[in-house]
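Computed from a prediction, not measured in an experiment: that's the story for all the values here.
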Amino acid sequence: MEKTIVSELLIRIGVNPSYRGYPYLTHIIFQAVSDEDSPFLTSKALYQDTAEHFHVSPDSVQHSIRTLLDAYWEQGNGSHFRTVTGYPNAGPLPPKEFIAVLADYLRRNKSC
């Protein structure tokens, strides 16, 4: 799978790519989907990997993703999220759950 597929999914559900957390979120979801040997990766490990990849601190990654998701839910994108993923909860979800739902969606729909 390519990162563009993750990015396309984020755009489809209404995530604004202008936020600093967007590339971090894309990277984290891509890593979560790509590492099929470890489907239960911890958010701490994903934040650390992403921080190293982008040469920032894990706290910066976590803060940027939280800011992006706070704006996402405030803009009323829960219906897009539910429609696309089929997840019964229309949010707001904590980052760990948001990432897990999208990673699971991409694993189940490899052809998207």
Side-chain angles (χ1 to χ4, degrees):
M1 176 191 317
E2 297 180 20
K3 276 192 182 178
T4 56
I5 293 172
V6 176
S7 185
E8 288 169 2
L9 173 61
L10 291 174
I11 297 288
R12 194 173 346 136
I13 64 170
V15 174
N16 185 337
S18 68
Y19 281 89
R20 179 183 312 231
Y22 185 85
Y24 302 157
L25 185 60
T26 301
H27 182 81
I28 284 176
I29 294 169
F30 178 77
Q31 291 300 111
V33 173
S34 298
D35 195 352
E36 293 183 21
D37 294 335
S38 182
F40 300 108
L41 293 171
T42 65
S43 54
K44 183 177 180 178
L46 291 172
Y47 287 145
Q48 181 64 41
D49 175 73
T50 301
E52 290 172 9
H53 180 79
F54 288 98
H55 308 289
V56 297
S57 72
D59 287 341
S60 178
V61 170
Q62 184 176 18
H63 176 74
S64 297
I65 289 174
R66 283 192 182 280
T67 300
L68 179 151
L69 291 178
D70 286 347
Y72 175 78
W73 297 117
E74 285 175 14
Q75 294 167 359
N77 288 305
S79 61
H80 296 303
F81 182 81
R82 183 176 46 215
T83 299
V84 172
T85 64
Y87 194 67
N89 187 345
L93 302 176
K96 183 177 181 177
E97 190 173 347
F98 186 84
I99 291 164
V101 169
L102 293 180
D104 181 63
Y105 173 82
L106 288 169
R107 279 189 202 105
R108 289 182 288 118
N109 298 284
K110 290 193 184 262
S111 62
C112 9

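Of all heavy-atom pairs between A51 and S57, the closest is CB-C, 3.6 Å. The two atoms that bring Q48 and P58 nearest to each other are OE1-CG, 3.2 Å, heavy atoms only. For the pair R66 and P95, the tightest heavy-atom approach, listed with the atom from each and the gap, is NH1-CD, 3.5 Å. The two residues P88 and R82 have their closest heavy-atom pair at O-CD, 3.7 Å. Taking both residues in full, the closest heavy atoms of G21 and I65 are given as O-CG1, 4.0 Å, listed atom of the first, atom of the second, then distance.
L25 has its side chain out of reach of L102: every pair of non-hydrogen atoms, C-beta onward, lies at least 4.5 Å apart.
Here I28 contributes atom CD1 and K96 contributes atom NZ; the two are 12.5 Å apart, rounded to the nearest 0.5 Å. Within the model, atoms CD of E2 and OG of S7 stand 11.5 Å from one another, a figure rounded to the nearest 0.5 Å. In this structure, CG on L9 lies 7.0 Å from CD1 on I29, to the nearest 0.5 angstrom. Atom-to-atom distance recorded for N77:CG and L69:CG is 10.5 Å, nearest 0.5 angstrom.
Every ring-ring contact (aromatic ring centres under 6.0 Å, His included) that Y72 has, sequence neighbours left out, goes to F98. By the ring-ring contact (aromatic ring centres under 6.0 Å, His included) test, H63 is found to be paired with no residue, residues two or more places apart in sequence or in another chain being considered. The ring-ring contact (aromatic ring centres under 6.0 Å, His included) test applied to H27 returns H53, F54, not counting sequence neighbours. With sequence neighbours left out, T85 forms a side chain to side chain donor-acceptor pair (under 3.5 Å) with no residue at all. Residues that satisfy the side-chain contact (heavy atoms from CB on, under 4.5 Å) test with E97, not counting sequence neighbours, are Y87, L93, P94, V101. Listed by chain and residue number, nothing satisfies the salt bridge (charged side-chain N to carboxylate O under 4.0 Å, His left out) test with D70 (two or more places apart in sequence, or in another chain).
For N16 and S18, the side-chain atoms include at least one donor-acceptor pair closer than 3.5 Å. With hydrogens and angles left out, the side-chain atoms of Y22 and S64 include no donor and acceptor closer than 3.5 Å.
Within the 3.5 Å criterion, the main-chain N or O of Y105 finds a donor-acceptor partner in the side chain of N109. At least one donor-acceptor pair under 3.5 Å links the side chain of R107 to the backbone N or O of A32.
Put simply, the residue from V6, T4, I5 that forms a side-chain contact (heavy atoms from CB on, under 4.5 Å) with T26 is V6. A side-chain contact (heavy atoms from CB on, under 4.5 Å) with F81 is found for exactly one of V15, I13, N89, namely I13.
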